[in-house]
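Atom set for the values below is all heavy atoms of this structure, side chains included, hydrogens, waters and symmetry mates excluded. No experiment lies behind these values; they were computed from the predicted model shown.
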Amino acid sequence: MTGIIDVGGGMRDIYGAGVLDCFIDNNITFDVCIGVSAGSANLASFIAGQKGRTYRFYAEYAARKEYMSFGNMFRSGSFFNLDYIYSYLSDSDGEDPLDFDALEKSRSELITVVTNAKTGKAEYFDKKHIIKDDLWPIKASCAMPVACRPFCHDGKEYADGGVAAPIPVEKAFEMGCDKVFVIIPRPPAEKNHEFSYMMKPFLRNHPAILELMKKRPEIYNSQLNTLNKYIKSGKVVLIAPDNDKGLNMISKNKERLTAYYHKGYNDAQKILNDTGF
């Protein structure tokens, strides 16, 4: 079995959109697709075979204030309007709908990673939890602490999957994969920044998420070390840029975003040529 993981990264993950569009052009599919945060949205469109769809979200729709803005933060407490992105735009009657039928019929499994805001544990939702016009697992996985309020579903609150499981490579092997591609849309260096206590007021009602954010460098570095061991053994192929071109999680510059998309596409093509996959 083959697998792919897209770890997300806000607007930087237009790089992952480029990688996945390259795979579509090369008729490459995977048995298991694991998405974290924005990576889950990228992979939903990939499985549905919708080349260019996620590019439009990053490079075009994200410029709209309804998509992300401080106005959203003042009105709702969330910088990213997840309902606008994954309902208004993505529903069957939306401006750029996800091809749900193609997603459902595909042989590829989609695993969406979320963090339970009460327990602080990673949870994994498979494709059957995504139903037509209700992409709640993707909304939950994209609910970045501080930038978004925890996403509520069925009486439970969830936060960005990357808080508890930033690089869930072990999950792919637990599911039976013997070869896994991992997309990290920035140079995969160890994190060493200290926790910002400016986050504390935003997370005071969610102590489990607060503790995870304090431990974020430790969690990320541990999973990065695990990833590197698999890379050395040949079980993992890493696709990551050598430079993030100064982009961050809320970048809106269309020219730079488009260049980063093409970098992802070209990096993926080079790896496919080199590996013969």
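- Taking the side chain as every heavy atom from C-beta outward, Pro187 and Pro241 approach each other to under 4.5 Å.
- Side-chain contact check for Thr226 versus Glu170: some heavy-atom pair is nearer than 4.5 Å.
- The main-chain N or O of Lys254 is found under 3.5 Å from a side-chain atom of Thr258 such that the two form a donor-acceptor pair.
- Contact record, Asn26 with Gln269: ND2-OE1, 3.0 Å, taken as the closest heavy-atom pair.
- Residues Trp136 and Phe125 form a side-chain contact, since some pair of their non-hydrogen atoms from C-beta on lies under 4.5 Å apart.
- Between Glu66 and Asn72, the side chains place no donor N or O within less than 3.5 Å of an acceptor N or O (distance only, hydrogens not considered).
- Clustering of Ile, Leu, Val, Met, Phe, Trp and Tyr side chains at separations under 4.5 Å places Leu227 together with Met1, Ile5, Val7, Val32, Ile34, Val36, Ile111, Val113, Tyr124, Ile167, Val169, Phe173, Met175, Val180, Val182, Ile184, Tyr220, Leu224, Tyr230, Ile231, Val236, Leu238.
- Counting only N and O atoms by type, the side chains of Ser90 and Arg53 include a donor and acceptor under 3.5 Å apart.
- The closest side-chain heavy-atom distance from Arg149 to Ser76 is not below 4.5 Å.
- For the pair Asp91 (side chain) and Asp93 (backbone), a donor-acceptor distance under 3.5 Å is absent.
- In this structure, the side chains of Met68 and Asn81 stay at 4.5 Å or more apart for every pair of heavy atoms.
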**Message:** One pair to check against side chain to side chain contact (heavy atoms under 4.5 Å, CB included): Leu210 and Arg204. What are the steps and the verdict?
**Reply:** CA-CA 7 Å; Leu210 178 61; Arg204 63 183 179 276; over 6 Å; no
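- In terms of modelled atom types and a separation under 3.5 Å, the side chain of Lys127 and the main chain of Leu103 share a donor-acceptor contact.
- Taking every heavy atom of both residues into account, Ala48 and Ala102 meet most closely at O-CB, 3.6 Å.
- Residue pairs that meet the side chain to side chain donor-acceptor pair (under 3.5 Å) test with at least one member in residues 7-22, sequence neighbours left out, are Asp13-Asn42, Tyr15-Asp267, Asp21-Tyr261.
- One finds the CG atom of Leu135 at 6.5 Å from the CD1 atom of Ile130 (value rounded to the nearest 0.5 Å).
- In this structure, the side chains of Asp101 and Asp99 come closer than 4.5 Å at one or more pairs of heavy atoms.
- Across all non-hydrogen atoms, the minimal contact from Ala164 to Ala122 is CB-N, 3.7 Å.
- Take Phe79 and apply the ring pair (Phe, Tyr, Trp, His ring centres under 6.0 Å) test, not counting sequence neighbours, and it matches Phe70.
- Rounding to the nearest 0.5 angstrom, the gap separating the CZ atom in Phe46 from the CG atom in Asp6 is 10.5 Å.
- No continuous path of hydrophobic side-chain contacts links Ile219 to Val114 [ILVMFWY only; heavy atoms under 4.5 Å].
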**side chain to side chain contact (heavy atoms under 4.5 Å, CB included) between Gln50 and Leu98, worked out** = CA-CA 8 Å; Gln50 292 177 278; Leu98 175 69; 3.4 Å; yes
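- In terms of modelled atom types and a separation under 3.5 Å, the side chain of Lys214 and the main chain of Ile209 share no donor-acceptor contact.
- Looking at Ser87 and Lys139, their side chains do bring a donor and an acceptor atom within 3.5 Å of each other.
- The closest donor-acceptor contact from the side chain of Ser37 to the backbone of Gly162 lies at 3.5 Å or more, if one exists at all.
- Closest heavy-atom contact between Pro168 and Gln223: N-OE1, 3.9 Å.
- The distance between the ring centers of Tyr260 and Tyr58 does not fall below 6.0 angstrom.
- Smallest separation of non-hydrogen atoms from Met249 and Phe80: O-CZ, 3.8 Å.
- Side-chain contact annotation: Asn116 with Glu123, donor-acceptor N/O pair under 3.5 Å present.
- You'll find the side chain of Leu110 reaches within 4.5 Å of the side chain of Thr112, heavy atoms only.
- For Asp25, the salt bridge (Lys or Arg N to Asp or Glu O under 4.0 Å) criterion is met by Lys51, not counting sequence neighbours.
- When side chains are defined from C-beta on, Arg56 counts as touching Asp96, because their heavy atoms get closer than 4.5 Å.
- When the shell of 6.0 Å around OH of Tyr84 is examined, it contains more than 12 heavy atoms from other residues, nucleotides or ligands.
- Here the side chain of Thr54 pairs no donor or acceptor atom with the backbone of Ala17 at under 3.5 angstrom.
- Atom CD of Glu218 sits about 10.5 Å away from atom CG of Leu212, to the nearest 0.5 Å.
- The side chain to side chain donor-acceptor pair (under 3.5 Å) pairs that include a residue from residues 239-248 are Asp242-Lys263, Asn248-Ser251, where partners are two or more places apart or lie in different chains.
- For Tyr61, the ring pair (Phe, Tyr, Trp, His ring centres under 6.0 Å) criterion is met by Phe57, not counting sequence neighbours.
- Other residues, nucleotides and ligands place no more than 12 heavy atoms under 6.0 Å from the CD atom of Glu255.
- Taking CZ of Phe181 as the reference point, atom CD1 of Ile4 lies at 7.5 Å (rounded to 0.5 Å).
- Judged purely by atom type and a 3.5 angstrom limit, Glu104 has no side-chain atom pairing as donor or acceptor with the backbone of Lys128.
- Checking side-chain atoms of Asp160 against main-chain N and O of Ala143 turns up no donor-acceptor pair under 3.5 Å.
- Atom OH of Tyr265 and atom CZ of Phe23 lie 11.0 Å apart (nearest 0.5 Å).
- Side-chain N or O atoms of Asp31 include one that pairs as donor or acceptor with a backbone N or O of Thr2 at under 3.5 Å.
- Between the side chain of Thr115 and the backbone N or O of Ala117 there is no donor-acceptor pair closer than 3.5 Å.
- Between Lys252 and Ala63 the shortest heavy-atom distance is NZ-O, 4.2 Å.
- Put simply, Met144 and Tyr158 are part of two different groups of oily side chains (I, L, V, M, F, W, Y) that touch within less than 4.5 Å, one to the next.
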